[in-house]
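Data first, discussion second: the structure below is written as structure tokens.
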Amino acid sequence: MPTQTWSRPRGLDHVVHAVRDLDAAADFYARAGFQVGGRNRHPWGTHNRIIQLPGFFIELLEVAEPEKIVPFAPGQFSFGAFQRDFLKAHEGLSMVLLASTDARADAKLFDEAGIGGFEVFDFEREGAGPNGAPVKVAFSLAFAREGLSPHAGFAVCQHHFPQNFWNPARQVHGNGTVGVGGVVLVADNPADHHIFLSAFTGVRVLHSNSIGVKSVTPHGDIDLMEVPSFRDQFGVVKIMAGQGAELSGLRLEVRDLGHLEAQLSASGIAHHRRVGRVVIAPEAAFGATLIFEQA
């Protein structure tokens, strides 16, 4: 069981939305009114396309070159192998990553808390700057693990050249999405994950209520709720793939829900209203539940 080792609270940085057809998923997000970036290639076999929001992004990701995937090894977390294994069962939100100012310090904290045990993963690639010219972007990832939840990935992400990655022009979306509200995990017993969530986020005090457990981070919330609560809140019946907690929903903030609904209807994307929110169910959103709330 993890111990409680505290650090500065960490906010949301991005989620990985693992899909089997990257371009089809990108087309879905574009029809839903998002600005979607071009294809990027990783040397370990995955390709991605990025949807930026202020201080947060959705990483659409497919395993495009499985022969390049590096296997798991002691002390080594294989990002590609995790996504490959996730996609064998289903598409959807596979990993949540929090913002880090020092990935190596966070890795040490995870080790001390009993939720680490992995070396920091450093990588860089070429990106496109605001004027389209090539720029270098580089990241360091420190992974955390919860033995109870093998189907959910957890890590922190340190940006080494944030000025080359974040681009306000790419954060403007036709559907009016202006920010992230949080991510939602579903578990049979949310209380089982309380200590892990505290150690992972660095947030000491979690909020418990009849819906579940909430960690209020500096940038977005992480909610843990049971299957009935997820259904009641979002109108989606969650089918669990196995034990533990699973990443199930992404909460996004929009300027005008009516404008968003018009965009979705014009594009033929199925959606519904639930408790003052607009929800796209996983059947339409490549395994993810997308939850839009009034900013």
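For K238, the salt bridge (charged side-chain N to carboxylate O under 4.0 Å, His left out) partners two or more places apart in sequence, or in a different chain, are E246. In terms of the salt bridge (charged side-chain N to carboxylate O under 4.0 Å, His left out) criterion, residue partners of D221 (sequence neighbours excluded) are, by chain and number, K214, R251.
Remark: R145 fails to qualify as a cation-pi partner of F154 under the 6.0 Å distance and 45° angle criteria applied to the six-membered ring.
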Original post:
Could you go step by step and tell me if D102 and R8 meet the salt bridge (Lys or Arg N to Asp or Glu O under 4.0 Å) rule?
Top reply: CA-CA 11 Å; D102 188 334; R8 176 185 296 180; over 6 Å; no
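Pairs passing the ring-ring contact (aromatic ring centres under 6.0 Å, His included) check and including a residue from residues 275-295, sequence neighbours excluded, read F28-F286. The list of side chain to side chain donor-acceptor pair (under 3.5 Å) pairs with a residue in residues 254-269, not counting sequence neighbours, reads E261-R273.
Ring centers of F139 and F165: under 6.0 Å apart, within the cut-off. F77 has its ring centre no less than 6.0 Å from the ring centre of F121.
For the 3.5 Å distance criterion, the side chains of H159 and D13 qualify, holding a donor opposite an acceptor. Residues H193 and E146 have side chains that bring a donor and an acceptor to within less than 3.5 angstrom of each other. Between the side chains of E119 and Q76, a donor-acceptor pair is found at a separation under 3.5 Å. Donor-acceptor pairing under 3.5 Å is lacking for the side chains of H17 and S94.
Here the side chain of S78 pairs no donor or acceptor atom with the backbone of F72 at under 3.5 angstrom. Between the side chain of Q52 and the backbone N or O of R170, no donor-acceptor pair lies under 3.5 Å. Side chain of T201 to main chain of V203: a donor-acceptor pair is present (N/O by atom type, distance under 3.5 Å, no hydrogens or angles). Remark: side-chain polar atoms of Q294 are not paired, donor with acceptor, to backbone N or O of E253 under 3.5 angstrom. Remark: side-chain polar atoms of H42 are paired, donor with acceptor, to backbone N or O of T46 under 3.5 angstrom. The backbone N or O of G212 lies less than 3.5 Å from a partner atom in the side chain of N209, making a donor-acceptor pair. A donor-acceptor pair is defined here as one N or O able to donate and one able to accept, closer than 3.5 Å; such a pair exists between the side chain of H173 and the backbone of Q35. T217 places a side-chain N or O within 3.5 Å of a backbone atom of G220 that can act as its donor or acceptor partner. Side-chain N or O atoms of N164 include one that pairs as donor or acceptor with a backbone N or O of K136 at under 3.5 Å. Counting only distance, with no hydrogens or angles, the side chain of D122 and the backbone of S140 share no donor-acceptor pair below 3.5 Å.
Salt-bridge formation is not detected for the pair E62/R49: no Lys NZ or Arg NE/NH1/NH2 atom is positioned less than 4.0 Å from an Asp or Glu carboxylate oxygen.
Residues S100 and D106 share a closest heavy-atom pair of OG-OD2, 2.6 Å. Here the closest heavy-atom approach between residue I115 and residue A199 is recorded as CD1-CB, 3.9 Å. Of all the heavy atoms in A81 and V70, the pair that sits closest is CB-O, 3.9 Å. Residues W44 and F79 share a closest heavy-atom pair of NE1-CD2, 3.5 Å. Smallest separation of non-hydrogen atoms from A142 and A103: CB-O, 3.4 Å. Among all heavy-atom pairs drawn from A30 and V36, the shortest one is N-CG2, 3.9 Å.
M225 shares a hydrophobic cluster with V184, V186, I211, V227, F230, F234, V236, M240, V279, I291; the chain of contacts runs through ILVMFWY side chains whose heavy atoms sit under 4.5 Å apart.
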Please list every donor-acceptor pair under 3.5 Å in which a side-chain atom of residues 85-93 meets a protein atom from a residue at least two apart or in another chain.
unit_1, atom_1, unit_2, atom_2, d
E91, OE2, R20, N, 2.7

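Classification of the F57-H14 ring pair by plane angle, with boundaries at 30° and 60°, yields parallel.
Tested against L260, the residues L252, I280, V278 include a single side-chain contact (heavy atoms from CB on, under 4.5 Å) partner, V278.
V15 and V216 are assigned to two separate hydrophobic clusters, defined by single-linkage of ILVMFWY side chains at heavy-atom distances under 4.5 Å. Placement of L247 and V213 within a single hydrophobic cluster is found when ILVMFWY residues are connected by side-chain heavy-atom separations under 4.5 Å, directly or transitively.
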